[in-house]
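Treat the numbers as computed from the prediction; the structure is a model and nothing was measured.
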Amino acid sequence: MTSEKKLGKATQAIHAGETQTSVAEKSGIPLLPPIYQNSTFRFTSAAECAEAFQDEESGYVYTRWGNPTQDILEEKLAVLEAGEAALATASGMGAVSVALLTALADGGHVVAMENLYSATFQILNEDLRRFGIETTFVDATDPTQIERAIRPDTKVLYLESPTNPLLKLVDLRRSAEIARAHGITSMIDNTFSTPCGQQPIPLGIDVVIHSMTKYLSGNGAVIAGAIVGEKAFITRAKEGALRNFGAVISPFNAWLTLHGLTTLPLRFTRHCENAAHVAAFLEAHPAVAWVRYPGLCSHPQHELAKRQMDAFGGMITLELKGGRGAGENLVDQLQLCSLAVSLGDVRTLICHPASTTHSHVPAEIRHRTGITDGLVRISVGLEDVEDILVDLEQGLESCTP
Ligand code: LCS
């Protein structure tokens with residue numbers, strides 16, 4: 001302290017009080033993991049610094065390489081997904097990109113589900129194609145289509161289940177077996193289901209991808225993503241595509257997501273309960289042509305849903321008898337449910353995929369895969385379900401043909 005008093009004001013303002021030995025030396029661990037909101041880490045000797053550059057497990061260097069807040073989040077997610085390791089990213093699309101760039105480092109071919117989140121479809125159909133990586137899109141609800149599309153240079157099988165927005169399911173155990181038999185890395189975007197709805201890794205899938213923007217953070221406050229898989233794959237992703245392309249999560253977003261995850265099981269149970277009520281209500285409504293929800297007996301793959309899912313989730317897709325006009329009337333009338341893209345929020349969100357989330361998918365492909373112009377997608381929130389039903393009832397009055 002005496003020596004600090006001799007320093008100039010500018011030096012004091014920067015350095016005084018920053019020894020930070022107290023946290024390590026005093027008892028009392030913060031109950032809530034703190035945010036390490038810093039870009040870089042300092043060392044006490046050249047040898048220690050050089051060691052950290054050689055052996056990354058030995059210390060933190062720079063937040064693009066790793067940060068304690070990110071690590072806590074990653075450990076929690078790896079446990080929840082029953083994976084060896086996890087890697088947090090700046091967004092769900094950051095996670096999709098890092099996973100694909102890691103598995104396709106030497107080029108190759110991808111077999112993918114034809115009904116995917118639109119930006120993922122664009123990466124595969126346009127961006128990677130420009131770099132010479134081709135994708136064959138198949139209806140992966142039929143495993144024989146996966147098998148038929150595999151080529152000698154296929155490196156990745158890319159899946160979503162339930163899909164966005166049609167809630168189609170893929171048999172994960174069967175798909176993983178096919179991929180393994182051909183030495184291909186299988187990946188699934190588990191955003192819609194979360195590890196509370198299904199755990200793909202114990203079913204044999206190699207890599208799980210998340211947009212943590214949705215259920216995992218649950219608060220509607222962050223954009224974040226993650227991949228989960230074997231330690232060797234995650235390390236390659238962390239030391240390669242993530243670090244070099246730079247889709248790193250900020251410590252603050254990692255911290256917000258970390259706290260979101262602590263209530264995921266409770267929130268997801270309530271999302272599922274509310275969604276089951278809303279799906280049953282919609283199915284019985286005269287203005288509704290059909291409803292897709294994996295928990296409904298009318299879902300064409302309900303038996304598969306019961307087999308591979310622990311819970312059916314909070315997402316519902318429906319088609320109104322009045323088509324696109326009726327859909328627009330519905331979203332205009334709703335008062336409690338918000339007209340917004342994204343999903344997995346505590347609030348009920350409703351959107352029209354053909355004009356929003358999937359508007360960049362060519363109309364021909366949208367129609368072939370079943371994303372009709374009258375399709376409406378609901379992310380059922382955590383409000384009292386009676387209030388959601390009252391709002392939908394009054395909204396649907398304007399749609400009755
Ligand atoms: N994967 C799925 C299944 C998604 O639904 C989304 C975003 C992403 C990845 C990308 O995640 P992000 O980079 O936004 O964190 N889905 C959105 C949606 O359906 N409406 O708005 C965004």
Side-chain angles (χ1 to χ4, degrees), residues 76-83 86 92 113 115 117 141 159-176 188-205 208-220 226 228 257 260-283 291-318 337 342-350 377-386 388-389:
K76 203 185 278 294
L77 183 60
V79 171
L80 285 168
E81 276 292 8
M113 175 68 174
N115 172 210
Y117 174 58
T141 60
L159 305 168
E160 273 181 29
S161 180
T163 59
N164 183 357
L166 287 166
L167 306 175
K168 291 183 184 177
L169 306 184
V170 177
D171 186 331
L172 298 182
R173 195 184 286 282
R174 182 80 196 95
S175 307
I188 183 195
D189 184 328
N190 204 23
T191 299
F192 268 44
S193 201
T194 86
C196 297
Q198 73 192 6
Q199 280 187 317
I201 290 175
L203 295 175
I205 295 286
V208 168
I209 295 169
H210 277 288
S211 166
M212 300 199 291
T213 310
K214 317 287 164 37
Y215 289 104
L216 268 48
S217 62
N219 45 31
V228 187
T257 308
L261 267 184
T262 59
T263 56
L264 174 68
L266 279 176
R267 285 187 286 108
F268 201 69
T269 300
R270 174 72 177 251
H271 278 296
C272 296
E273 284 168 8
N274 279 1
H277 279 104
V278 171
F281 162 81
L282 290 169
E283 195 162 50
V291 180
R292 281 287 170 277
Y293 179 64
L296 286 177
C297 297
S298 58
H299 190 292
Q301 297 166 292
H302 180 58
E303 288 309 311
L304 174 61
K306 285 198 288 188
R307 217 165 49 238
Q308 77 180 13
M309 299 178 82
D310 301 315
F312 302 123
M315 299 301 296
I316 297 173
T317 298
L318 64 139
C337 307
S342 201
L343 57 113
D345 198 287
V346 296
R347 298 153 195 86
T348 295
L349 309 180
I350 187 160
R377 189 188 78 178
I378 305 179
S379 169
V380 180
L382 303 183
E383 299 94 341
D384 293 292
V385 71
E386 299 75 22
I388 302 173
L389 295 178

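- Using a 4.5 Å heavy-atom threshold, the side chains of Pro294 and Leu304 count as separate.
- If you check the side chains of Glu283 and Ser298, you find a donor sitting under 3.5 Å from an acceptor.
- With sequence neighbours excluded, the residues forming a side chain to side chain donor-acceptor pair (under 3.5 Å) with Arg347 are Asp345, listed by chain and number.
- Atom-to-atom distance recorded for Ile201:CD1 and Ile188:CD1 is 10.0 Å, nearest 0.5 angstrom.
- Taking every heavy atom of both residues into account, Met212 and Ala226 meet most closely at SD-CB, 3.8 Å.
- For Tyr117, the ring pair (Phe, Tyr, Trp, His ring centres under 6.0 Å) test picks out no residue, with sequence neighbours left out.
- Under the 30°/60° scheme for interplanar angles, the aromatic rings of His271 and Tyr215 are found to stand perpendicular.
- The shortest side-chain heavy-atom distance between Met113 and Thr141 falls under the 4.5 Å cut-off.
- Distance OG/Ser193 to CD/Gln199: 10.0 Å, rounded to 0.5 Å.
- Considering CG of Leu169 and CD of Gln308, their distance stands at 6.5 Å, rounded to 0.5 Å.
- By the side-chain contact (heavy atoms from CB on, under 4.5 Å) test, Ala311 pairs with Phe268, Cys272, sequence neighbours left out.
- When all heavy atoms of Pro265 and Cys196 are compared, the closest pair comes out as CA-SG, 3.7 Å.
- One distance of note links CG of Asn274 with CD1 of Ile378; it measures 12.0 Å at 0.5 Å rounding.
- Between Leu167 and His299 the shortest heavy-atom distance is O-NE2, 2.7 Å.
- Here the CG-OG1 distance, from Leu80 to Thr194, works out to 8.5 Å after rounding to the nearest 0.5 Å.
- In this structure, the side chain to side chain donor-acceptor pair (under 3.5 Å) partners of Lys214, at least two apart in sequence or on a different chain, are Ser211.
- Shown here are the side chain to side chain donor-acceptor pair (under 3.5 Å) partners of Thr191, two or more places apart in sequence or in another chain: Asp189.
- Scored by the ring pair (Phe, Tyr, Trp, His ring centres under 6.0 Å) test, His210 finds no partners at all (sequence neighbours excluded).
- For the atom pair Leu159 CG and Ile205 CD1, the distance stands at 5.5 Å (nearest 0.5 Å).
- Between Leu343 and Arg377 the shortest side-chain heavy-atom distance falls below 4.5 Å.
- Here the closest heavy-atom approach between residue Ile316 and residue Ala279 is recorded as CD1-N, 3.6 Å.
- Partners of Tyr293 according to the ring pair (Phe, Tyr, Trp, His ring centres under 6.0 Å) rule, which considers only residues two or more places apart in sequence or in another chain, do not exist here.
- For Thr263, the side chain to side chain donor-acceptor pair (under 3.5 Å) partners at least two apart in sequence or on another chain are Arg267.
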_Please evaluate residues Gln198 and Leu203 with respect to the criterion side-chain contact (heavy atoms from CB on, under 4.5 Å), reporting the C-alpha separation (whole Å), side-chain torsions for both, the decisive distance (0.1 Å), and the verdict._
CA-CA 9 Å; Gln198 73 192 6; Leu203 295 175; 5.7 Å; no
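- Here the side chains of Met309 and Pro162 are in contact, with some heavy-atom distance below 4.5 Å.
- For Glu273, the side-chain contact (heavy atoms from CB on, under 4.5 Å) partners two or more places apart in sequence, or in a different chain, are Thr269, Arg270.
- The heavy-atom pair separating Ser175 from Val170 by the smallest distance is OG-CG1, 3.3 Å.
- Considering only residues two or more places apart in sequence or on other chains, Arg307 meets the salt bridge (charged side-chain N to carboxylate O under 4.0 Å, His left out) condition with Asp171.
- Among residues two or more places apart in sequence or in another chain, the side-chain contact (heavy atoms from CB on, under 4.5 Å) test is passed with Ser217 by Asn219, Val222, Thr257.
- Put simply, the side chain of Lys76 reaches to within 4.5 Å of the side chain of Thr262, judged on heavy atoms.
- Residues Ile350 and Cys337 share a closest heavy-atom pair of CG2-CB, 4.4 Å.
- Residues satisfying the side-chain contact (heavy atoms from CB on, under 4.5 Å) criterion with Leu166, sequence neighbours excluded, are Asn115, Thr163, Lys168, Ile371, Leu375.
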